[in-house]
**Q** 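Structure in structure tokens, see below.
Just so it is clear: chains get the letters A, B, ... in the order the sequence lines come, proteins before strands, and each one is counted from 1. Because only heavy atoms are used, hydrogens play no part in the values below, and waters and symmetry mates are left out as well, while side chains stay in.
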Amino acid sequence: MVDLGGVAELLGADCSMSANAIAAILGGQIAPGQRVSVQGWVRTRRDSKAGLSFVAVHDGSGFEPLQVIAPADLPNYADEIAHLTAGCAVRVTGELVASAGKGQAVELRAERVEVIGWVDDPESYPIAPKAHSFEYLRTVAHLRPRTNSIGAVARVRACLAHAIQRFFHERGYFWVHTPIITANDCEGAGSLFRVSTLDLLNPPRTAQGGVDFDRDFFGRETFLTVSGQLNVEAYCLALSKVYTFGPTFRAENSNTSRHLAEFWMVEPETAFADLPANADLAEALLKAMFEALLDERADDMAFFAQRIDKNCIQRLERIIQVPFKRLDYDDAIQVLARAGRSFEFPVRWGMDLQSEHERYLSENYVGGPVVLMNYPKEIKSFYMRLNDDGRTVAAMDVLVPGIGEIIGGSQREERLEVLDARLDELGMNKTAYGWYRDLRRYGSVPHAGFGLGFERAVSYVTGMSNVRDVIPFPRSPRSAEF
RNA sequence: UCCCCGGUAGCUCAGUCGGUAGAGCAAGUGACUGUUAAUCACUGGGUCCGUGGUUCGAGUCCGCGCCGGGGAGCCA
């Protein structure tokens, strides 16, 4: 309204584009004395016998609500304003003034308060102005973004997503939109969700009695992707620097605070890059994300520091400055063997590291992120590049305290004969990987990439301990409501 | 999927030895106040997760199921 003058009136009562963002008002972009209009949802109402009510209005543009002063002589004061409760939608127009009270610099002295949407039963409104458990809030996922915590998570999530896109764009990486539907039934990362239009109750049959997928939509079995990596490798060997960023699906029956059936993953792939370069990129990406977050969402981070994880800001500040520790698997085994404590799973070379081992390394030995590199080939995927020692592959995991594995990646096996030998060794069907093998036949080059679990990253930076609370509508085993 | 713990008012929880249920917050009403998720008083509010069983009697004990939490596995 500051910039648009009387346009709001011209556009009519339901006009939405003329309101000022509360974040802009509280950010000092509008000087006291100006007329402003805000629209949002009531957080709290406090009445004063001094002849006014205080109404905290929140529009989601930032963490803080705006304090509205509603004088009792407003025409709808007794009938409407005095009955506002948490969740009511309002539009308020008035003069921005320096606050007469403590706790805020400015407040809005209302000249007009329109109630756009009432809460029809305040007692049962699920989001009371009180503390709620995250477990409960998951049961009202459609309303939980109105809370401080989940609203802050949503803004942090968007901030980090933008930081990721910026990071890659500035380094000459191209965003590749790899397919969600895939026919690769063995991408090497867990069980898949089937995609089909066949009648589940009465599918067409082959002569042998099996399901006749030739009659299915794509004429073959298809699934939701578990990773864009294989596809993005094709674009990597043409555009050199590429990445995917999108949803990923895993039908694993995982019931933990770190797993979702539908989650978002960032997967860069770099041509002519080796494993150390890959690790450098991973470290730079995480640091760029953390820096952007501290810079752009100080309000939300202050909240997380106050209510969720008091160390979250200083942790990020420190991580940004300190180089990530690199540790070869061989050395990690040595470290664990000399840890001076016993583990449930005894430490020996060749074992896959258990959670307790990863936790010791990142939380106790390093005290921050650590990049573990060069694992035994037996415990890693077929596409990872065989090292010259013949016993390890150029794989890496980035482990962080509290979460564990936040990034998993590798240099890819670019030598066709070595890849084929690996496929044979694992009894995998080479013809099914025809197009993937082609990439090794036609101008193959060394290349490397990794997958960053986006929700794990959001969880790590905010201190929100369950990934189900950092994605808008979580999907997990036996849970796909909303 | 496995191990452990839990499910009681809108929310967070207490509930003794098996005898038909309570607090705080929220909500409503009032008082008070330039208040800060205000304070004080009063009021309303219950399918004790579901199901089967034991018992004269089950929130309480037992079986099964569902949901949630912590840990593990899988992984990002």
**Q** For B:U60 and B:A14, measure between their C1' atoms and round to the nearest Å.
**A**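 My reading of the C1' atoms in B:U60 and B:A14 gives 14 Å.
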**Q** Which of these, A:Val90, A:Leu66, A:Val68, A:Asp47, sits in a side-chain contact (heavy atoms from CB on, under 4.5 Å) with A:Val55?
**A**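 Result for side-chain contact (heavy atoms from CB on, under 4.5 Å) with A:Val55: A:Val68.
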**Q** Can you say whether a donor on the side chain of A:Glu135 sits under 3.5 Å from an acceptor on the base of B:U12, or the other way round?
**A**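 Side chain to base: no pair present.
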**Q** For this output row, return yes or no: ring centroids of A:Tyr433 and A:Phe382 closer than 6.0 angstrom.
**A**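 Under 6.0 Å, so yes.
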**Q** With a cut-off of less than 4.0 Å, is there a side-chain N or O of A:Ser48 near OP1 or OP2 of B:U33?
**A**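 Negative; the distance criterion is not met.
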**Q** Could you check how far CD of A:Glu358 sits from C1' of B:C75, rounded to whole Å?
**A**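 Roughly 10 Å, once rounded to whole Å.
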**Q** Is A:Ser257 close enough to B:G69 that one of its side-chain N or O atoms is under 4.0 Å from OP1 or OP2 there?
**A**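 No, A:Ser257 has no side-chain N/O under 4.0 Å of OP1/OP2 on B:G69.
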**Q** Check each of A:Phe249, A:Phe245, A:Phe454 against A:Trp264 using the ring-ring contact (aromatic ring centres under 6.0 Å, His included) test, and report the only one that passes.
**A**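 Filter result, single survivor: A:Phe245.
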**Q** Counting any heavy atom closer than 4.0 Å, what does A:Gln67 reach on the DNA or RNA strands: base, sugar-phosphate only, or nothing?
**A**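 The answer is base, as A:Gln67 lies within the cut-off (heavy atoms under 4.0 Å) of a base atom.
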**Q** Ignoring hydrogens and angles, are the base of B:U1 and the side chain of A:Asn255 linked by a donor-acceptor pair under 3.5 Å?
**A**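 A donor-acceptor contact between them is present.
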**Q** Are OP1 or OP2 of B:G69 and a side-chain N or O of A:Asn466 less than 4.0 angstrom apart?
**A**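 Yes, such a contact exists.
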**Q** Is any side-chain N or O of A:Arg46 closer than 4.0 Å to OP1 or OP2 of B:A38?
**A**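 Indeed, a polar side-chain atom of A:Arg46 lies that close.
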**Q** Check this one for me: any side-chain N or O of A:Arg468 less than 4.0 Å away from OP1 or OP2 of B:G69?
**A**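 Yes, A:Arg468 has a side-chain N/O under 4.0 Å of OP1/OP2 on B:G69.
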**Q** Is there, by distance only and without an angle test, a donor paired with an acceptor across the side chain of A:Arg109 and the base of B:G34 below 3.5 Å?
**A**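 Answer yes: a donor N or O sits under 3.5 Å from an acceptor.
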**Q** Considering every strand shown, what is the Watson-Crick or G-U wobble mate of B:G6 when both distances are under 3.5 Å?
**A**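 Pairing partner: B:C67.
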**Q** What's the CZ-P distance between A:Phe343 and B:G71, to the nearest Å?
**A**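 Interatomic distance, CZ of A:Phe343 to P of B:G71: 17 Å.
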**Q** OP1 or OP2 of B:A37 sitting under 4.0 Å from any side-chain N/O of A:Arg307?
**A**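 Answer is no, no contact under 4.0 Å.
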**Q** Do A:His132 and B:C11 share a donor-acceptor pair, side chain to base, under 3.5 Å?
**A**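 For A:His132, whose side chain was compared with the base of B:C11, there is no donor-acceptor pair (under 3.5 Å).
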**Q** Quick check on B:U54: syn or anti? Syn means the glycosidic torsion is within 90 degrees of zero.
**A**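 Because its glycosidic torsion lies more than 90° from 0, B:U54 adopts the anti conformation.
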**Q** Would you say a side-chain N or O of A:Arg359 is under 4.0 Å from OP1 or OP2 of B:A72?
**A**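 Yes, because at least one side-chain N or O of A:Arg359 sits under 4.0 Å from OP1 or OP2 of B:A72.
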**Q** Taking CZ from A:Phe134 and P from B:U12, how many angstroms apart are they, rounded to a whole number?
**A**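 From A:Phe134 CZ to B:U12 P: 12 Å.
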**Q** B:C74 base to A:Ser254 side chain: any donor-acceptor pair below 3.5 Å?
**A**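 Such a pair exists between side chain and base.
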**Q** Given the structure, check if the side chain of A:Glu252 and the base of B:U1 hold any donor-acceptor pair shorter than 3.5 Å.
**A**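 Per atom types, no contact qualifies.
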**Q** Whole angstrom is fine here: how far is it from OH in A:Tyr136 over to C1' in B:G7?
**A**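 The answer, rounded to whole Å, is 15 Å.
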**Q** What integer distance in Å separates A:Leu192:CG from B:C74:C1'?
**A**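 To the nearest whole Å, that distance equals 14 Å.
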**Q** Grab the CD1-P distance between A:Ile471 and B:A76 for me, whole Å please.
**A**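 Those two atoms, CD1 and P, are 16 Å apart.
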